[in-house]
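A quick note: this is a predicted structure, and the numbers were derived from the prediction, not measured.
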Amino acid sequence: MATQEQIEALKIDENVFELTEDTELEYLVHFAAPFTGADKCVVPKGTTFAPHPPMRGDALYMHLVDKKGKEKLLERMRVQVKIKYENFYTRLQGFSFFITEEQLKTLPLKFSDLMIS
């Protein structure tokens, strides 16, 4: 878990976090339609994320940093979306992970030494 000091020291686009356990995370599902869905999935231990500027006052967008396992995770997410949003699936544009400041305090995260590329 990130400490309060680590959270306060967070510099957007400079830090990378790594999950230390398999963790269920929510994400947004974007379609080429006037509709955005949401879902959640278990993200494997060792997955690395980097934050983006805030999407709202208490949450940050996150993107996957390390390509290892990324395609496998994204494929699982596509399968879930195809089932949940069958009518919109052909218009799928992508996914956005987000993490709240509260989650930074409670999720099994550590700072990673990976560099953002």
Restricting to side chain to side chain donor-acceptor pair (under 3.5 Å), what partner residues turn up for S96, sequence neighbours left out? H30
Running the 4.5 Å side-chain criterion over Ile, Leu, Val, Met, Phe, Trp and Tyr, what cluster does I83 land in, apart from itself? V79
To the nearest 0.5 angstrom, please state how far the CZ atom of F97 sits from the CG atom of L64. 5.5 Å
Can you find a pair of side-chain heavy atoms, one from L19 and one from K45, that are under 4.5 Å apart? no
So CZ of F31 and CZ of R91: to nearest 0.5 Å the spacing works out to 10.0 Å
T23 side, atom OG1; K40 side, atom NZ - distance, nearest 0.5 Å: 13.5 Å
Which pairs with one or both residues in residues 69-78 pass side chain to side chain donor-acceptor pair (under 3.5 Å), sequence neighbours excluded? E75-R78
Quick one: do E26 and F98 satisfy side chain to side chain contact (heavy atoms under 4.5 Å, CB included)? Show the steps, please. CA-CA 7 Å; E26 293 182 87; F98 60 92; 3.7 Å; yes
Residues at least two apart in sequence or cross-chain that pass ring-ring contact (aromatic ring centres under 6.0 Å, His included) with Y89, listed by chain then number, are none
Who passes side chain to side chain donor-acceptor pair (under 3.5 Å) against D39, sequence neighbours left out? Q80
Would you say the ring centroid of F35 lies under 6.0 angstrom from that of F88? yes
Residues two or more places apart in sequence or in another chain: which of them pass salt bridge (charged side-chain N to carboxylate O under 4.0 Å, His left out) with E102? K105
The test is ring-ring contact (aromatic ring centres under 6.0 Å, His included); show your working for F111 and F17 and say whether it passes. CA-CA 5 Å; F111 281 100; F17 292 100; 4.8 Å; yes
One should read off an interatomic distance between T47 OG1 and L73 CG, to the nearest 0.5 angstrom, of 6.0 Å
Tightest non-hydrogen contact, residues P44 and D22, listed as CA-OD1, 3.3 Å
ring-ring contact (aromatic ring centres under 6.0 Å, His included) with F95: which residues, sequence neighbours excluded? Y27
Which heavy-atom pair separates Q93 from A32 by the least distance, and what is that distance? CG-N, 3.4 Å
